[in-house]
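Structure first, then comments.
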Amino acid sequence: MPQQKDIVKIAIQMPGAYPQLIQLDQKKPLTAVIKEVCDKWNLPGPDNYALQYADGIQTYITESVGHFHHIDMCMSLLVSVCGDFNPNRLDIKNGSILRLTKAPGRCAEDLYKGIQSSDSGVRCDSLKLLADVSTDITFAQEFISRDGHSLLVKIVEDAHEAPLIMTHTLTAFMELMDHGIVSWENLSSVFIKKIANFVNAKVLDTSIQQVSLAILESMVLSSSSLFNEVKQEITLERLISHLQVTNQQLQTKAMALLMAMLLAGAESDRQNIIHSSSSVGDEMAHYLYVLQTVRLNHLEARMRTPLDSYSQDQRDMLHGLRQAAFETESESGLSNERRRSLCAKEFKKLGFSDLSRCPPGLLALDTMAYFASRYPDAYSRFVLENSSREDKHECPFARSSIQLTLILCEILRIGEPHRLLEELFCICIQLLNKTWKEMRATQEDFDKVMQVVREQITRTLSSKPTSLELELKERLKPELLELIRQQRLNRLCHGTLFRKISSRRRQDKLWYCRLSPNHKVLHYGDVEEETEMPSIEALQEKIPVADIKNVVTGKDCPHMKENKGKQTKEVLDLAFSITYDVEEYSLNFIASSRTDFCLWTDGLNVLLGKEMSSESMRSELEILLSMEIKLRLLDLENVPIPDTAPPIPKPPSNFNFCYDFSQAEQ
């Protein structure tokens, strides 16, 4: 006898039949429930039917994998690996209305045949229904298990169908891929080019372009390799031109793809997408202006919304600014009067007075909060500098921020949702503080300082400045690359111990290779196990650098070709060779680590006058560039820099303060 808590009273519908009112036993297998329903309507083959919700999102009713007796092994595998699958049977509530319909497997089979029909009307209807039912993961698993998604890909690649059929095809494909059952990286270059052609076409059904933009967005966000392919196919001009149309859905999809490309790209990619080098014509400049205007308008509501003293979120933002500026001790022990007095004093130090000004409204509070959270050190420095000055020389942070936000809103024509305005504010508020100090301004000079800052911002923006950081990188790169080249050559001069790989691993022999100090000869020879760094004289063999013709790596190495198919990927990744004389002879290496591989291949390329190309070089260059730029851009105002290095202090009388790391903890 089932317990009352396991019983749910529901209705089940079927077109052309009277509904059934049943008491669903949640402990009974779903197949048994469907059989009972079919028996009451005298329907044969209960395995061909399934239950789904009749209202709202009409998903199939499913239960745990253990109850899926009607699903074949392939389907079971899909269920086990798909993270989106969630049994929903236990979500059925009293009063729910279900519908008896085709089982997902039968529906998938019928649609799979329908979209291959020679009748275009049947194909169109089948694809339209497929686009609707593909939102259900249970159906999607069945359809994909029949390789139905590949059939959709072929329809797109052939591109022979009418616009309506193509729209349904792309929509169904997008819905299937959204479940994450099939990887986006499995798509062919032909398919990607076809989708890109739909987007780039100047005359095409907008429904096709909308879905194509959504597909490309998912590709870009799924992997860097697909991003690179899409970047090659989609022109920035055409993408931005989609923002000019009156179709809001098409605008939204184009904006989503543009943002995805900005997010997925490296810094250089973002610079190329945003700046487009120096080839921006008048039409392209107009498109970029429209893009900026569309994005700026998003902050109009915040700019025109005054501060609400009863809003807890806004009160929290204000207190967050105070706490970030003044790292106060716990206030729990203070009386209410003392706490209010302390808060009022600290808010006064921050320069808060009138927060009801609108515009800039809440946008001023947003920019201050962003500055404090994004650049906490600069925020603290601003507040502390002005807190320690004489009263008449304090630059009021809050009052300045409100006025500066208003200035930026006027110059930029409102705001920007992707932090353009906020980032500009963070730069300008520090410029304001610097200008205030340089002018030795007092509170009476407030309007004068603001006018100067306005002129500075306007003049700078009108001059179309390039990125200072980007310029510095380009100037510093040759110097730092030379530093890396010298380090690589020094490492070759020091030499490295290599192991000869033989079929009998236990009898592997060691050999050593090093470059002569004048960088003209490579010396090498066999050594014993205990050898650390043999002298050049101890290495009997040598190769003049002038005789070296080329450096090859991986499977292109002669010793890898001789043992083709016998070497692991790990060994292939560490193998490199140099060919010399007339490329009939080679010296073969297998590095002990990826680091040694990068050092030696880079060093050998330097000797041959070629570019270094290892991932180690790129990583080191990026680190050095980052460090050097930070040093060059340090704010050293009023910090004297001596012409000569300071003297080294005398050593301490003892080193008892040093920790002995050789003493391992027990």
Side-chain angles (χ1 to χ4, degrees), residues 224-225 228 232 266-269 272 470 472-499 501 511-525 536 539 541-562 564 567 569-628:
S224 57
S225 60
N228 289 325
Q232 297 298 323
E267 183 61 31
S268 58
D269 294 317
N272 290 335
L470 198 60
L472 266 179
K473 277 189 175 182
E474 292 304 316
R475 290 190 181 187
L476 293 172
K477 190 178 290 184
E479 178 184 340
L480 297 178
L481 280 172
E482 182 58 31
L483 182 65
I484 296 174
R485 290 190 193 98
Q486 291 302 319
Q487 187 269 341
R488 296 299 194 260
L489 293 175
N490 291 340
R491 183 59 185 266
L492 265 60
C493 290
H494 181 275
T496 304
L497 191 67
F498 295 96
R499 187 175 296 276
I501 300 297
W511 64 288
Y512 203 90
C513 186
R514 59 182 296 188
L515 180 66
S516 63
N518 62 5
H519 302 169
K520 292 186 177 181
V521 181
L522 273 178
H523 298 268
Y524 65 97
I536 287 179
L539 303 174
E541 305 293 334
K542 63 181 180 180
I543 302 174
V545 172
D547 291 346
I548 299 176
K549 303 299 181 184
N550 197 13
V551 179
V552 293
T553 61
K555 60 183 179 181
D556 295 327
C557 297
H559 56 318
M560 294 296 105
K561 291 180 179 178
E562 293 172 2
K564 190 174 182 180
Q567 301 293 356
K569 185 178 184 301
E570 180 182 0
V571 173
L572 283 172
D573 289 342
L574 299 176
F576 63 98
S577 302
I578 56 175
T579 58
Y580 54 97
D581 287 335
V582 289
E583 300 195 7
E584 295 180 359
Y585 302 98
S586 64
L587 183 61
N588 302 317
F589 302 75
I590 295 181
S592 59
S593 66
R594 190 67 186 174
T595 300
D596 281 346
F597 173 88
C598 293
L599 291 172
W600 271 84
T601 53
D602 282 345
L604 291 170
N605 280 322
V606 170
L607 288 175
L608 297 179
K610 297 181 179 180
E611 295 292 331
M612 298 179 290
S613 59
S614 73
E615 66 269 19
S616 177
M617 181 278 297
R618 291 191 293 271
S619 174
E620 290 170 18
L621 179 61
E622 193 61 38
I623 292 171
L624 289 172
L625 280 172
S626 177
M627 291 172 56
E628 190 68 22

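For clarity, every value in this text was computed on a predicted model and none was experimentally measured. Note that these values count all heavy atoms, side chains included, but never hydrogens, waters or copies made by symmetry.
The structure places OG of Ser592 at 8.0 Å from CG of Leu497, a figure rounded to the nearest 0.5 Å. Note that the CZ atom of Arg618 and the SG atom of Cys598 stand 8.5 Å from one another [nearest 0.5 Å]. Note: Leu574 CG to Thr595 OG1 = 10.0 Å, rounded to the nearest 0.5 Å. Atom NZ in Lys477 sits 10.5 Å away from atom CD1 in Ile484 (nearest 0.5 Å). Here the OG atom belonging to Ser586 is positioned 9.0 Å from the CD1 atom belonging to Ile543, to the nearest 0.5 angstrom. From Lys561, atom NZ reaches atom NZ of Lys555 across 10.5 Å, with rounding to the nearest 0.5 Å.
The minimum heavy-atom distance between Pro558 and Val552, with the atom names listed, is CD-CG2, 4.3 Å. Scanning all heavy atoms of the two residues, the minimum distance from Ala591 to Phe576 falls at CB-CE2, 4.3 Å. In plain terms, the two heavy atoms of Leu587 and Tyr524 that are nearest each other are CD1-CE1, 3.8 Å.
The ring-ring contact (aromatic ring centres under 6.0 Å, His included) search around Phe498 returns Trp511, Phe589, Trp600, not counting sequence neighbours. Remark: Ser626 pairs with no residue by the side chain to side chain donor-acceptor pair (under 3.5 Å) rule, at least two apart or across chains. Evaluation of the side-chain contact (heavy atoms from CB on, under 4.5 Å) rule for Ser225 yields Glu185, Ser223 as partners, not counting sequence neighbours. Residues satisfying the side chain to side chain donor-acceptor pair (under 3.5 Å) criterion with Ser613, sequence neighbours excluded, are absent altogether. Ser619 meets the side-chain contact (heavy atoms from CB on, under 4.5 Å) test with Ile623; sequence neighbours excluded. Looking at residues two or more places apart in sequence or on another chain, you find a salt bridge (charged side-chain N to carboxylate O under 4.0 Å, His left out) between Glu628 and Arg632. The salt bridge (charged side-chain N to carboxylate O under 4.0 Å, His left out) test applied to Asp556 returns no partner, not counting sequence neighbours. Partners of Glu615 under the side chain to side chain donor-acceptor pair (under 3.5 Å) rule, at least two apart in sequence or in another chain, are Arg594. Applying the side-chain contact (heavy atoms from CB on, under 4.5 Å) rule to Val606 yields the partners Arg485, Leu489, Met612; only residues at least two apart in sequence or on another chain are considered. Judged as a side chain to side chain donor-acceptor pair (under 3.5 Å), and not counting sequence neighbours, the contacts of Ser577 are His559, Asn588.
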**OP:** Report the C-alpha distance between Thr496 and Leu599 in whole Å, list the side-chain angles of each, state the deciding distance to 0.1 Å, and finish with yes or no for side-chain contact (heavy atoms from CB on, under 4.5 Å).
**Re:** CA-CA 10 Å; Thr496 304; Leu599 291 172; over 6 Å; no
Original post:
Between Ile590 and Met560, is a side-chain contact (heavy atoms from CB on, under 4.5 Å) present by the stated rule, with each step listed?
Top reply: CA-CA 10 Å; Ile590 295 181; Met560 294 296 105; 4.0 Å; yes
Original post:
Stepwise, does the side-chain contact (heavy atoms from CB on, under 4.5 Å) test hold for Gln486 with Glu482?
Top reply: CA-CA 6 Å; Gln486 291 302 319; Glu482 182 58 31; 2.9 Å; yes
Original post:
Could you walk me through whether Leu472 and Leu625 pass the side-chain contact (heavy atoms from CB on, under 4.5 Å) check?
Top reply: CA-CA 9 Å; Leu472 266 179; Leu625 280 172; over 6 Å; no
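Side chains of Leu604 and Lys610 form no contact here, defined as non-hydrogen atoms less than 4.5 Å apart. Side-chain atoms of Arg488 and Ser616, non-hydrogen and from C-beta on, do get closer than 4.5 Å to each other. Inter-residue side-chain proximity for Phe597 and Asp573 is flagged as unmet; no heavy-atom pair is nearer than 4.5 Å.
Checking Leu483, Leu476, Leu481 one by one against Leu621, the side chain to side chain contact (heavy atoms under 4.5 Å, CB included) holds for a single residue, Leu481.
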Do any side-chain atoms of residues 513-522 form donor-acceptor pairs under 3.5 angstrom with protein atoms, and if so which ones, sequence neighbours left out?
from	atom 1	to	atom 2	distance (Å)
Arg514	NE	Cys493	O	3.2
Arg514	NH1	Pro534	O	2.9
Arg514	NH2	Cys493	O	3.3
Ser516	OG	Asn518	OD1	2.5
Ser516	OG	Lys520	N	3.3
Ser516	OG	Val521	N	3.1
Ser516	OG	Val521	O	3.3
Asn518	OD1	Lys520	N	3.1

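Pairs passing the ring-ring contact (aromatic ring centres under 6.0 Å, His included) check and including a residue from residues 606-628, sequence neighbours excluded, do not occur.
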